[in-house]
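Report on the structure given below.
When reading the values below, keep in mind they use all heavy atoms of this one structure, side chains included, and skip hydrogens, waters and symmetry mates.
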Number of protein chains: 4
Amino acid sequence: MEAFSDGVFAIAITLLILEIGVPTGSEDDLLKALADQWLSYLAYLVSFATIGAVWIKHTVITEYLDSATSVLIRLNLLLLMVVSFLPFPTRLVAEHIREEEAERVATAVYGINLLLASVLVGVLWRYAVGARLVRPDATDEDVAMLTKRLTPSLAGYVAMIVLGLFLPVLAVFGYLAIAVYIVAPFRAMRHRVAEA
Amino acid sequence: MEAFSDGVFAIAITLLILEIGVPTGSEDDLLKALADQWLSYLAYLVSFATIGAVWIKHTVITEYLDSATSVLIRLNLLLLMVVSFLPFPTRLVAEHIREEEAERVATAVYGINLLLASVLVGVLWRYAVGARLVRPDATDEDVAMLTKRLTPSLAGYVAMIVLGLFLPVLAVFGYLAIAVYIVAPFRAMRHRVAEA
Amino acid sequence: MEAFSDGVFAIAITLLILEIGVPTGSEDDLLKALADQWLSYLAYLVSFATIGAVWIKHTVITEYLDSATSVLIRLNLLLLMVVSFLPFPTRLVAEHIREEEAERVATAVYGINLLLASVLVGVLWRYAVGARLVRPDATDEDVAMLTKRLTPSLAGYVAMIVLGLFLPVLAVFGYLAIAVYIVAPFRAMRHRVAEA
Amino acid sequence: MEAFSDGVFAIAITLLILEIGVPTGSEDDLLKALADQWLSYLAYLVSFATIGAVWIKHTVITEYLDSATSVLIRLNLLLLMVVSFLPFPTRLVAEHIREEEAERVATAVYGINLLLASVLVGVLWRYAVGARLVRPDATDEDVAMLTKRLTPSLAGYVAMIVLGLFLPVLAVFGYLAIAVYIVAPFRAMRHRVAEA
């Protein structure tokens, strides 16, 4: 399960670049054409950081797992599907920048996809804890801390999705902030795991 | 063989998203344009669930295998080819929705590809059993149960392909039901394998 | 090196399907449109079978290797590049069928790529033998037999490339025959390796 | 981390071919059309060689690593992002050849991406040494030699980027020379690692 999941994460994160279109018909001023699609690069960065963050969370979870049930395997497939779907709204945002109405729809769809990925990682861990699939040598403290840290930034994503209805571009920056924030706090924990 | 197969499954399942086109020229009402292509998302879901189901079956088979012959390797390559081919009819269905005649052809081609993947997994297992490649510690009961469970949902797929000639959209829902049904019954068995 | 190579083979073989275009603007008779591009499916089949054959050869070689030098790693990268390039001429053949002149060029380019992959696998093995990188427990007989079997079907490919200048479609069938022929004779050897 | 990174390198290197467009509408003289886009093949070769070189460097680094911190994991993600981005400027160069102005912009963007990948590999190693993540059995001599060899060919890339503003095509050949030069000097070192 781990090798397959790692493969899907690695492929999804690398496929993102295929969604960023090269500006065509811009012989005269390619530099300007490239600069004009800066939101495409931002969307690429957000999706890359988010998949990276979800992958790190997933790695921490599988490190703590002792065994798997078919429910866990199906939950995991669901998470992988949501992650694999991300290139679609990434392209949506990249292609509909600067279009008054469409921009709002695109960033909302994008935010919902990011939110779902975050929610599903949390569900995966909570299920694993509830079904007693966690390694016996993991302390209650570890489990509690991990549960807290894996709690999806629900409020953050919902706030950004709502904000995106008025200020779409700002919402995309918000998604980036959440992804970067998620990656950060794992430092201490992983250190401890390494020491154990 | 296992790493290579896992890789192909992971790539095929992740590539599916590239077949779902982003609606273009829909500045005014992107939401409606996105909603209108709901069958594309359904096709994505069906293909993802089917590859996921075939991957789970494949994992169970390789868990039981003791050794490999060149015939097994070639049968496996054939299965991987059929699985790798799935993005093609997925796009076919996604692009030809709501086109009276074409829709029927697309769903039929799609169903045949799904059926072939299911048949080949069954053939792979039956060949492995016949050629005595199964682990010696596997009980006859296990082998019999697995044989039964791996028996392709032949009747189901054939029924849906025929149904699809009259009601294409319903057939696609049928393909989804079969994929979900295939994933389900492995719970008990995998549990047992884990305990052993 | 093995994991990386396996990854590249798995990705290249799975990407092939992206090169097969879905017929567009064929609402009336999709079945005919699908049937008309049969050479595309043949090219897909040939490329899949060839990459599969090269992957099997590569697996046999790495099984016999004891260590690696930087020259081997670079030769291996070169082989991977030639294999990764295959989707390009595959699409070339798929798109230029039934175009008098272009067809000949496309099948010739395709054949040269297939030939190069076959030649490089042979070079990799001969280099490994020459640089004494082969496992000490491999008998001289094994090495000699493997050398013979890995000898690229040079004559076959050259004949087909020349034939393709007159009868392009027949040449593509010839490439298929060579790929299938290459996969075949490894049966006995792999069996022996498994027994050892 | 290693499996995930290897996966990303393998995927990025294999995706490159998707950026090389097949000439269309060239029924009459496909050979000429293919020859005319020779710079596309050169860009493919440069990107393949560069990702290959970065992958080899990355392999050497992970061989020397004893443990990982979250900073290292994030630096690694950053490197993977830069490598994954390479298909974009590769396509940019392939599509804007022979366009006076655009060509200069495309090769400069390309060079900056190649430079960044090279810089980040160096940063990754220096961080690992500074944070004492290197295996204790690695001698100071080894570390010093590796540091020297991993030092990005900064000067070379900067010179080529500047040269590219005047002679874009020559700069692309320069990028190729740097990639090939980077791959070369690891021979002795890897040999030693193998002997240890």
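- The contact between D:E19 and chain A is made entirely by side chain atoms (from C-beta outward), counting heavy-atom distances below 4.5 Å.
- Between A:F48 and D:F85, the ring center distance fails the sub-6.0 Å criterion.
- Both the backbone and the side chain of A:L15 come within contact range of chain D, judged by heavy atoms closer than 4.5 Å.
- Heavy atoms of D:A106 lying under 4.5 Å from chain A belong to its backbone as well as its side chain.
- A donor-acceptor distance shorter than 3.5 angstrom exists from the side chain of A:Y175 to the backbone of A:T107, with no hydrogens or angles considered.
- Using a 4.5 Å cut-off between heavy atoms, D:L80 contacts chain A through both its backbone and its side chain.
- Residues D:Y110 and D:A43 approach most closely at OH-O, 3.1 Å, considering heavy atoms.
- Only the side chain of D:V109 comes within less than 4.5 Å of a heavy atom of chain A; its backbone N, CA, C and O stay farther away.
- Looking at A:S47, its side chain never comes within 3.5 Å of a backbone N or O of A:Y44 through a donor-acceptor pair.
- When all heavy atoms of D:H96 and D:A102 are compared, the pair lying nearest together is ND1-CB, 3.8 Å.
- Both the backbone and the side chain of A:F9 have a heavy atom closer than 4.5 Å to some heavy atom of chain D.
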